[in-house]
Amino acid sequence: MKPSAAARTLRWVAVAAIVAWSVGPVIIGVLTSLSSEVDVEAVPARWIPHHVSLAAYKALVLGANTSLGSTQADSHAFGQSVLSSLEVTVEATIVTMIVSILAGYGFSRLPFRGSKLLLWGVLATLVLPLFTLVVALFRLMVQLQLINTQLGLVLVYLSSSAPLAIWLFYNYCREMPAEPEEAALIDGCTRFKAFRKVVLPQMRSGIAAVTAIVMLLVYGQFLIPLLLGSSPSTKPVTVLITEFVGKYTTNYPLLAAGGVIALVPPTLVALLLNRHIRGMLSGSTG
Amino acid sequence: MGGIVLESVRKEFAGGVVAVNDINLEVEEGEFVALVGPSGCGKTTTLRMVAGLEDITAGTVSINDRVVTNTPPRHRDIAMVFQNYALYAHMTVRRNIGFGLKMAGVPKDEINRRVEYAANVLGIVPLLDRKPKQLSGGERQRVAMGRAMVREPAAFLMDEPLSNLDAKLRVEMRAEIVNLQRRLATPTLYVTHDQVEAMTMGDRVAILRDGELQQVGTPEELYERPVNVFVATFIGSPAMNLLPGRMESDGGRSFLSVGNSRFPLSEAVLTKRQRLGEYDGREVLVGMRPEDFRAPDHGGADGTAVFRVNVVRAESLGSEVIAYFEPAGSNGTVAAASALSEQAAAQADSMQRLFTARLGRKANVRHDGPADLAVDHERLYFFDPESGEAIGEQS
């Protein structure tokens, strides 16, 4: 049955609203980053800049002295923060993937006494909001001398993102047919060899999807690095950008340009692995 | 003595569910044994215990004179073909077939030679560089066979390898598997739920029910001398008809009453089934195979039981006619059936609401009409209504 005209219209309106809601800020950000301060501060607001200006980007990337008013744009600090964002994200993702692939597979295929309880225990940590733990985490990190270190951040990200990843892999492995690895066991493999030679390749698309999910989660972290990693060498771009908000004035183009640059890595990840992410979220193991 | 030997093998799952109970089975060198039974009877569990994919609760499994009860699968020297083929999706056919050899450290040239040979035998040479995804069901089946045969193992284990194929291909592959097995002479344990497959492929057939082995024998033995009602009705298609009857003696002769017929049993039958004498004056369960019915001879020869029946439906298949009927006076049948043990009654009820006869294509039977059907006394099967055991098969 074809939907009625009213239903179709309603659907279009709903879709348009959702798209506007999610893409709108990005468009405004891009436009703002290309504006001059004059454009931004004009009253009434100018959504489309009169003069397209790349000054904000130049300031961030080249450290060029541009007419950006009173805000300091330290290109070195910006580059450093982008780099440390990427480093911590990649490190945390690799560690999280290793732990959660093995754990998810183990929980689903190699049950032992108490394994269900342990799994539920791990999953239960998902419901704890991270911010309720920051005070305790801060003291712990200080004691372990891991404050303001990449290792400290990686450990915290691992413990916060692994439960979700373990749960995803647990379900993924449960849906995966067991026979190929059993065939490998009969064909002469040890359990670990069968895992490496047959199970891992079978999990390829799941791994791609969870990698993307974990990367996006870690990359977008703000509160944790603000508290545990705000030294110049660990400060991620999410934290650095907030420093562009001055006490009396804010350089909006600079702020927006930083945001746009920071958007590039997650966008690339999402585009590259989009197919797998969709498959994972819709529950396919293909 | 090589082959596969199971001794008192038992499998109890967590929670106390007994999947397999005290199974003794031997697959001799070069032999093809089909393990058959309804779904959930424990046949796949049995196979997986032989493969080492399932722990054994009690008992021992030996392969090629070596006890392997606690040996990991990789050291059992077996090859297994799975129901869904279990091919390695990320490898080409060539690598799939050669994988076991590679794991065993066989040199590359030798692997190539053996893979090519297997592919030749199975007719899949053009597929060697494809991935499993690009193959049809029958082709995947062949690859799975290839993977098993290149290993030259001490035993083949097959878990319903044909059940995912369409009917025509299944019949073709049946013959191919049997030919291949004969050629390699590797002892083979073949699990299936399809009794036709079991009977046509197996040198011997083992029938399993609720985790218990019912009977092991050649297809002929199972067909001719089933040890109980279960085996009798499981083997043969359409299934054996079961009717309650009563043994009586009158003037030194033994009579059998079935439905509304009463006839003296021939001496030959009584000699062959001596324990039938113990049932004088008692109920028995009488089995008749659909293909043993025929039109009665004129004059009513001795040694033949003739039944008057109501044919409800007759289906002509060209080569034969399948008649579905109820014995005249079947009210008595229903009443008598309720006196049977619960198990036998359930069986009689579920399988035999209508009886079937396979008759020659010229049989003169009509829809919805009476007919006379004859069965030789020698072709009657007798079972104890309480236990379901065959009467007179054992001395």
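Chain letters run A, B, ... following the sequence lines, proteins first and then strands; every chain starts at 1.
- Taking chain A as the reference chain and counting heavy-atom pairs below 4.5 Å, the highest number among His90(B), Arg48(B), His75(B) is found for His90(B).
- Ranked by heavy-atom pairs under 4.5 Å with chain A, the first of Ala51(B), Gly52(B), Pro73(B) is Pro73(B).
- Contacts of Ala79(B) with chain A are made by backbone atoms alone, with heavy-atom separations under 4.5 Å and no side-chain atom involved.
- At least one side-chain heavy atom of His193(B) sits less than 4.5 Å from a side-chain heavy atom of Lys43(B).
- Only the side chain of Leu53(B) comes within less than 4.5 Å of a heavy atom in chain A; its backbone stays farther off.
- For the residue pair Glu54(B) and Thr45(B), no side-chain donor N or O sits within less than 3.5 Å of a side-chain acceptor on the partner.
- Counting non-hydrogen atoms of neighbouring residues, nucleotides and ligands closer than 6.0 angstrom, the CG atom of Leu117(A) reaches no more than 12 such neighbours.
- Heavy-atom distances place no part of Ala194(A) under 4.5 Å from chain B, backbone and side chain included.
- For a residue to count as touching a neighbouring chain, one of its non-hydrogen atoms must lie under 4.5 Å from one of that chain's; by this rule Lys193(A) touches chain B with the side chain only.
- Your options are Gly100(B), Pro153(B), Ala89(B), Ala148(B), and the one with the most heavy-atom pairs under 4.5 Å with chain A is Gly100(B).
- Neither the backbone nor the side chain of Arg76(B) comes within less than 4.5 Å of any heavy atom of chain A.
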For this session: Determine, step by step, whether Glu31(B) and Arg204(B) satisfy the side-chain contact (heavy atoms from CB on, under 4.5 Å) criterion, reporting the C-alpha distance in whole Å, the side-chain angles of both residues, the deciding distance to 0.1 Å, and the verdict.
Result: CA-CA 8 Å; Glu31(B) 195 184 26; Arg204(B) 284 191 304 149; 2.5 Å; yes

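- Leu200(A) is listed as a side-chain neighbour of Ile207(A), based on a closest heavy-atom distance under 4.5 Å.
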For this session: Take Asp129(B) and Val93(B) through the test side-chain contact (heavy atoms from CB on, under 4.5 Å) and record every step on the way to the result.
Result: CA-CA 6 Å; Asp129(B) 294 313; Val93(B) 169; over 6 Å; no

